[in-house]
Asker: 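Got a structure here, written out as structure tokens. Questions coming.
The basis for the numbers below is simple: all heavy atoms, side chains too, and nothing from hydrogens, waters or symmetry mates. Bear in mind the structure is a predicted one, so any value in this text is a computation, not a measurement.
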Amino acid sequence: MILIKKILFVLLFFVTIGCIEPFTLNIDDYQKVLVIDGFISDENGYQSVKIGRSAFVSEENKYFPEKQCQVNVRDDKGNSFNFEEYTSGNYRCLIGKEYLTIGTRFKIYIKTQDGREYESDFDELLACPPIDKIYYEVQKHDTYDPINPEYGIQFFVETNVTGNYADNYRWNHIETWEYHSKYPLEYYFDGAIKRWKFRSDSMFYCWKTESVKEIFTMTTKRYSTKNIVVPIRFVSNQTNRLKFGYSLLVKQYSLCDAAFQYWYKMQQQLQETGGLYEKQPMSIFGNIKCTTHPEEIVMGFFYASSMQEKRIFVNGNFNFDIYDFHCTPYMIESDQLYGFLMSLQEIDFPFWILKTDHG
């Protein structure tokens, strides 16, 4: 009997590994779905809406903007705000603070070039409490290599939601860090070759700012206490972000129940790693529908939100090594340089040029 069990185990093992085969989707009638990304908030500046079309799996790095749309946002008090297209598929409007009051409800209307019309449900702008504190802890994470764990700092946000505040929240992050260039810079290309007009040594000390492409959400409905602590951004030592100086700007947004469910599902989707026993990708639908063609699928969620923000600076000496990253220059002969530069896309600008002793 024991022998039979061993044989069955071996057979099962080979059947399991034999079932792993690459799978390629073959979808002949795939259509690009309209995707609407935008919300109204009480923070200063323009309100923005981004409209585009979804890409097929093989078009991962492509974006298809929906141009020349008519975009209009209305509130429940009869006010109407028209958005202008300032770049392809990106629309904006400057709405006065007197209209962005707690309790006001907003919805969006869109008409595309082909005459199709879309609208969202109304969403209420709920109050958001201030961020009391942002802090971090040094953490060690296990990796697939037991002798090389990953170190870094885990940020936390602390907020007290006692009072007439929303029950649900989402956090966005903008990070800025200092890094040092290894090479002196004299020229750059942004459609034409230009000489750097400042001192070359000033470019040895650089700062980069970018949005964190992660989603963090939380609901306070399950909490008996109103003082909440939420883990947010983790910064690893496998990048050069912590080498010299790091800053994190945290924006805290209030969410209604429907908006929270949408962003919570998006967060779950992004956190899945694709393992054998993990959840399958889900279809996440928002609150926007096509009124002229009700059968059309529309992606995205339009909502209203109040915002509070706080920044933390990190200039610590850590007890772990930090990866020191430097770009590796392309080696290009001078007679091939022009053709190479002409092949660059605008997203690559500015492209820095190092002049060697060989010309």
Side-chain angles (χ1 to χ4, degrees), residues 60-61 63 131 133-157 171-190 194-216 230-252 267 270-271 273-274 309-332 340-341 344-357:
E60 181 180 355
N61 296 319
Y63 170 62
I131 299 173
K133 183 169 60 174
I134 305 171
Y135 62 95
Y136 65 86
E137 297 176 355
V138 174
Q139 290 188 357
K140 181 179 77 171
H141 293 176
D142 293 331
T143 65
Y144 291 109
D145 184 355
I147 64 173
N148 288 310
E150 177 186 31
Y151 290 88
I153 59 175
Q154 172 67 60
F155 286 95
F156 297 86
V157 60
W171 288 270
N172 285 353
H173 309 78
I174 300 174
E175 56 182 358
T176 301
W177 68 95
E178 178 183 346
Y179 63 98
H180 295 176
S181 173
K182 186 178 179 180
Y183 309 99
L185 302 174
E186 294 184 72
Y187 301 92
Y188 66 97
F189 178 80
D190 62 357
K194 300 176 182 178
R195 190 181 188 97
W196 180 249
K197 60 182 178 181
F198 302 104
R199 295 194 341 261
S200 61
D201 61 351
S202 68
M203 289 302 293
F204 279 95
Y205 303 94
C206 310
W207 289 264
K208 185 172 183 177
T209 297
E210 65 182 26
S211 296
V212 175
K213 305 221 171 11
E214 295 178 83
I215 297 174
F216 300 91
V230 184
I232 47 173
R233 174 74 166 148
F234 176 78
V235 182
S236 167
N237 69 334
Q238 300 302 302
T239 76
N240 63 349
R241 284 170 169 79
L242 301 176
K243 185 73 175 179
F244 302 104
Y246 181 87
S247 173
L248 187 68
L249 175 63
V250 179
K251 294 189 175 187
Q252 178 174 276
Q267 180 180 351
L270 289 176
Q271 288 177 344
T273 59
E309 66 181 16
K310 199 175 190 70
R311 182 183 290 276
I312 183 173
F313 294 90
V314 178
N315 291 292
N317 293 319
F318 302 105
N319 58 353
F320 52 76
D321 294 329
I322 298 173
Y323 178 66
D324 194 8
F325 172 79
H326 289 293
C327 295
T328 302
Y330 290 95
M331 299 302 294
I332 303 173
F340 174 80
L341 293 176
L344 296 175
Q345 304 295 319
E346 189 173 344
I347 194 174
D348 299 318
F349 298 162
F351 193 88
W352 300 100
I353 303 172
L354 309 175
K355 186 177 180 182
T356 67
D357 295 335

Asker: How long is the gap from CD1 on Ile312 to CD1 on Ile153, to the nearest 0.5 Å?
Answerer: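 Interatomic distance, Ile312 CD1 to Ile153 CD1, rounded to 0.5 Å: 7.5 Å.
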Asker: Does the side chain of Tyr151 come within less than 4.5 Å of Asn319's, by heavy atoms?
Answerer: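 The answer is no; the side chains never approach within 4.5 Å.
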Asker: Is there a side-chain contact between Glu150 and Phe320, using heavy atoms and a 4.5 Å cut-off?
Answerer: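 No, their side chains stay 4.5 Å or more apart.
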Asker: Drop me the distance from Phe234's CZ to Phe155's CZ, to the nearest 0.5 angstrom.
Answerer: 10.5 Å
Asker: To check you understand the geometry: which heavy-atom pair defines the closest contact between Asn315 and Phe244, and what is its length?
Answerer: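 Result for this residue pair: OD1-O, 3.6 Å.
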Asker: Work out which heavy atom in Trp171 is nearest to a heavy atom in Gln252; give both atom names and the distance.
Answerer: NE1-OE1, 2.9 Å
Asker: Between Tyr135 and Phe156, what is the ring plane arrangement, given parallel below 30°, perpendicular above 60°, and tilted in between?
Answerer: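 Taking Phe156 first and then Tyr135, their aromatic rings lie parallel (interplane angle under 30°).
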Asker: Where is the tightest heavy-atom contact between Ile174 and Ser211, given as atom of each residue plus distance?
Answerer: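 Minimum heavy-atom contact is CG1-OG, 4.1 Å.
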Asker: Lys243: what forms a side chain to side chain contact (heavy atoms under 4.5 Å, CB included) with it, not counting sequence neighbours?
Answerer: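 Expected list: Ile322, Asp324.
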Asker: Do the non-hydrogen side-chain atoms of Leu248 and Tyr136 ever get within less than 4.5 Å of each other?
Answerer: no
Asker: Could you give the distance from NZ (Lys208) to CZ (Arg241), rounded to the nearest 0.5 Å?
Answerer: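 These two atoms lie 7.5 Å from each other.
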Asker: What distance do Trp207 atom CH2 and Tyr179 atom OH have between them, rounded to the nearest 0.5 Å?
Answerer: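 Here the interatomic distance stands at 10.0 Å.
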Asker: Taking all heavy atoms of Phe216 and all of Ile232, pick out the closest pair and write down the distance.
Answerer: CE2-O, 3.1 Å
Asker: Got a second to check how far Asn240's CG is from Tyr246's OH, nearest 0.5 Å?
Answerer: 11.5 Å
Asker: Run through Glu175, Gln154, His173 and flag the one making a side chain to side chain donor-acceptor pair (under 3.5 Å) with Arg233.
Answerer: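 Running side chain to side chain donor-acceptor pair (under 3.5 Å) over Glu175, Gln154, His173 with Arg233 returns exactly one hit, Glu175.
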Asker: Could you pull out all donor-acceptor pairs under 3.5 Å where a side-chain atom in residues 140-149 meets a protein atom, sequence neighbours excluded?
Answerer:
{"residue": "His141", "atom": "NE2", "partner": "Gln139", "partner atom": "OE1", "Å": "3.1"}
{"residue": "Thr143", "atom": "OG1", "partner": "Asp145", "partner atom": "N", "Å": "3.2"}
{"residue": "Thr143", "atom": "OG1", "partner": "Asp145", "partner atom": "O", "Å": "2.9"}
{"residue": "Thr143", "atom": "OG1", "partner": "Asn148", "partner atom": "O", "Å": "2.8"}
{"residue": "Asp145", "atom": "OD1", "partner": "Ile147", "partner atom": "N", "Å": "3.3"}
{"residue": "Asp145", "atom": "OD2", "partner": "Asn148", "partner atom": "ND2", "Å": "2.6"}

Asker: Look up atom OG1 in Thr176 and atom CG in Leu249, then write down how far apart they are to the nearest 0.5 Å.
Answerer: 8.0 Å
